[in-house]
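Residue indices begin at 1 and follow the sequence shown. Everything numeric here is computed off the predicted structure, so don't read it as measured data.
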Amino acid sequence: MSASSKYSGLLLNLLFAVVISVVVNFSTVLAMILESNSDQQQNALPPCVVEKKGEGILRVHPDGYGYLIYEGGDTVYVSPHRIHRWELKAGDRLEASVIKPRAAGAHSVLFEVSRRNGKEFDSPVFFNRPSAVLDHGIQLLFYAFMTFVLLSVVTHTRHDFSTRAFARRCFVVLLLGVVLYFVAPATNYHRGTILPNFLMGRWINYLLLMKCSFTVVVVLLYGRIYLLLYERQAVVVENEKLKNENLTTRYNMLVGQINPHYFFNSLNSLAMLVRESEREKALEYIDRLSYTFRYIIRNGQSTLMTLEEELQFATAFEYLYKIRYEDKLFFETEVADEYLGWRLPALSLQPLLGNAVKHNVMTRSNPLRVSIRTDSGWLVVSNPKHPKLDEESSTGIGLENLRNRWRLIAGCEIEIEDSPTEFVVRLPLLQPETQA
């Protein structure tokens, strides 16, 4: 992975982490905004709307709300939120200021408590809430950090797209999710502090559990989608790489065919025919030699050839070899007519025939016989092994290039069997386009 793509991936994870953090904390941020507006509205109430009342007795309904009952029969509504927030109890004697009703017949609403049971009442003693901006800011930062860490784990592929590798990353994400749940910031409203969840004295905080679970699930879904997209992109890049390698391979093969050594041997064989006044054979040799060069050059414009065309090239190639190794080299071709229209990557036979000649001893008493035959949709090229005493070193580049071209063009693998007595290569043929 290049540095630019790496940084773009980190930036994408960071942006996605911010979005997820906002989504996870959306309800609390919205509540902060609404509460801020409510406080502003209450603070903006004109003095005539707020009225101080004497002492009343609090009665709490089973549903959580309550009323202040005064001696004159007046009642003031007390919301469940204020009862819970200020830890008010049924029977408390409260002196409070109230908000007058704006509609006839409505109840006044408790605004502020000044005394409870004859003592000064200071709500921060019971509810010392931290700054809302600080509280929600820490929440946003934590869940953005949590999402970014989990995303970094689940998207760290190392070019391994297997199901097992993804399952391992999912396990790590779940494990980190549990750890981060215990260190998630939780607010203690009575103490006015923000502490890690494991210091709050309880193991299960349903709100934090819901937030962390949602984050983990979204990260895993994103990771799966990211993996599929990245795998697809990697396949495209790999295909382009193989195409480039294929072009290089074809070029190298072309250079190998017209290198001075090959050209010298070809001219040497032609000179031998001329010296022996074999005019017809010399003309045939020139014709076959030019055909092989044309075929190789034309291959730069086509990747798949029919088996019939490839065999015609092999026949011309065979003729050039037989002039040089007369009565020492024989090609035995047994190809069913039904496979002549089937396709294979061009120049598949050339490296196999060349290797057979290069690595084996050929004599008139013990000639080399190369077999080319079809077998259940496969083209099989084989030859017995008669290694040379001073055998030339083999780099294996020809067979490796052949493997790569078959992977790229045909999308399948060739089979190579190298036994002590025989060398066999099986090439899977592709059906004609009309039958594919």
Exercise. Just by modelled atom types, is the Val381 backbone N or O under 3.5 Å from a matching donor or acceptor in the Ser371 side chain?
Worked result: no
Exercise. Does Lys388 reach the main-chain N or O of Lys358 with its side chain, forming a donor-acceptor pair under 3.5 Å?
Worked result: yes
Problem set entry | Qualifying residues under salt bridge (Lys or Arg N to Asp or Glu O under 4.0 Å), relative to Asp418, sequence neighbours excluded | Lys385
For this session: Could you check if a side-chain atom of Ile323 sits within less than 4.5 angstrom of a side-chain atom of Leu320, using non-hydrogen atoms only?
Result: no
Problem set entry | Phe330 atom CZ, neighbour heavy-atom count above 12 within 6.0 Å | yes
Exercise. Can you name the residues that form a side chain to side chain contact (heavy atoms under 4.5 Å, CB included) with Leu141, not counting sequence neighbours?
Worked result: none
For this session: Please report the C-alpha distance between Leu379 and Leu344 in whole Å, then the side-chain angles of each, then the deciding distance to 0.1 Å, and finally whether the side chain to side chain contact (heavy atoms under 4.5 Å, CB included) criterion is met.
Result: CA-CA 9 Å; Leu379 181 65; Leu344 72 167; 4.0 Å; yes
Exercise. So, do Tyr325 and Val357 sit near enough that their side-chain heavy atoms are less than 4.5 Å apart?
Worked result: yes
Exercise. Can you check whether Val370 reaches Leu353 side chain to side chain, under 4.5 Å on heavy atoms?
Worked result: yes
Exercise. Going by heavy atoms in the side chains, are Val149 and Thr147 under 4.5 Å from each other?
Worked result: no
Exercise. In Å and rounded to the nearest 0.5 Å, what is the CG to CG distance from Leu329 to Asn360?
Worked result: 10.0 Å
Problem set entry | Gln139 side chain reached by Pro185 side chain, heavy atoms, under 4.5 Å | yes
Exercise. Checking side chain to side chain contact (heavy atoms under 4.5 Å, CB included) for the pair Thr363/Val361: CA distance, chi angles, key distance, verdict?
Worked result: CA-CA 7 Å; Thr363 62; Val361 175; 4.1 Å; yes
Problem set entry | Nearest heavy-atom neighbours spanning Arg364 and Glu326 | NH2-O, 4.1 Å
Exercise. Side chain to side chain contact (heavy atoms under 4.5 Å, CB included) between Phe423 and Ile416: does it pass, once the steps are laid out?
Worked result: CA-CA 8 Å; Phe423 187 79; Ile416 299 177; 3.9 Å; yes
Seminar exercise, completed: ring-ring contact (aromatic ring centres under 6.0 Å, His included) filter on Tyr319, not counting sequence neighbours, yields none
Problem set entry | Rounded distance (nearest 0.5 Å) linking atom CD1 of Ile20 with atom OH of Tyr222 | 10.0 Å
Exercise. Does any pair with a residue in residues 419-432 pass salt bridge (Lys or Arg N to Asp or Glu O under 4.0 Å), and if so which ones, sequence neighbours excluded?
Worked result: Asp375-Arg426, Glu415-Arg426
Exercise. Excluding sequence neighbours, so at least two apart, what forms side chain to side chain contact (heavy atoms under 4.5 Å, CB included) with Leu174?
Worked result: Val216, Leu220
Exercise. For Leu311, which residues count as a side chain to side chain contact (heavy atoms under 4.5 Å, CB included) partner, sequence neighbours excluded?
Worked result: Leu307, Thr333, Val335, Leu340, Leu349, Ile372
Exercise. Rounded to the nearest 0.5 Å, how far does SG of Cys170 lie from CG of Leu175?
Worked result: 13.0 Å
Exercise. Step by step, would you call Val154 with Arg224 a side chain to side chain contact (heavy atoms under 4.5 Å, CB included)?
Worked result: CA-CA 8 Å; Val154 80; Arg224 186 57 183 171; over 6 Å; no
For this session: Name all residues meeting the salt bridge (Lys or Arg N to Asp or Glu O under 4.0 Å) criterion together with Glu112; count only those two or more places apart in sequence or in a different chain, and write none if there are none.
Result: none
Exercise. Hey, what do you get for CG (Leu228) to CZ (Phe166), rounding to the nearest 0.5 Å?
Worked result: 8.0 Å
For this session: Identify, with sequence neighbours excluded, every residue that meets salt bridge (Lys or Arg N to Asp or Glu O under 4.0 Å) alongside Glu332.
Result: Arg369
Problem set entry | Under-4.0 Å salt bridge between Glu284 and Arg288 | yes
For this session: Would you list the pairs meeting side chain to side chain donor-acceptor pair (under 3.5 Å) in which at least one residue belongs to residues 309-318, sequence neighbours left out?
Result: Tyr295-Glu310, Thr306-Glu309
Exercise. Closest approach of Phe313 and Tyr291, non-hydrogen atoms and distance?
Worked result: CA-CE2, 3.7 Å
For this session: Identify the heavy atoms of Leu304 and Arg343 that sit nearest to each other, and give their distance.
Result: CD1-NH1, 3.4 Å
Exercise. About how many Å separate CG of Leu352 and OG of Ser382, when rounded to the nearest 0.5 Å?
Worked result: 10.5 Å
Problem set entry | Residue pair Pro432 / Gly341: nearest heavy atoms and the distance that separates them | CG-O, 3.5 Å
Exercise. Say you draw a straight line from CD of Gln350 to CG of Leu402; how long is it, rounded to the nearest 0.5 Å?
Worked result: 10.0 Å
Exercise. Out of Tyr143, Phe142, Tyr181, which one pairs with Lys211 under the side-chain contact (heavy atoms from CB on, under 4.5 Å) rule?
Worked result: Tyr143
Exercise. Going by heavy atoms in the side chains, are Leu58 and Tyr67 under 4.5 Å from each other?
Worked result: no
Exercise. By ring-ring contact (aromatic ring centres under 6.0 Å, His included), which residues pair with His386, not counting sequence neighbours?
Worked result: none
Problem set entry | By ring-ring contact (aromatic ring centres under 6.0 Å, His included) - contacts of Tyr339 (at least two apart) | Trp342
For this session: State, to 0.1 Å, how close Asn13 and Leu151 come at their nearest heavy-atom pair, and which atoms those are.
Result: O-CD1, 3.5 Å
Problem set entry | Heavy-atom closest pair, residues Thr374 and Ala336 | OG1-N, 3.2 Å
For this session: Side-chain contact test, heavy atoms from C-beta onward, threshold under 4.5 Å: evaluate it for Leu427 versus Trp406 and give yes or no.
Result: yes
Problem set entry | Pairing residues for Phe182 by the ring-ring contact (aromatic ring centres under 6.0 Å, His included) criterion, not counting sequence neighbours | Trp203
Exercise. Would you find a donor on one side and an acceptor on the other, under 3.5 Å apart, between the side chain of Ser290 and the backbone of Asp287?
Worked result: yes
Exercise. Are any side-chain N or O atoms of Ser152 and backbone N or O atoms of Phe148, one a donor and one an acceptor, separated by less than 3.5 Å?
Worked result: yes
For this session: Please tell me if the side chains of Val98 and Val109 come closer than 4.5 Å, counting only heavy atoms from C-beta onward.
Result: no
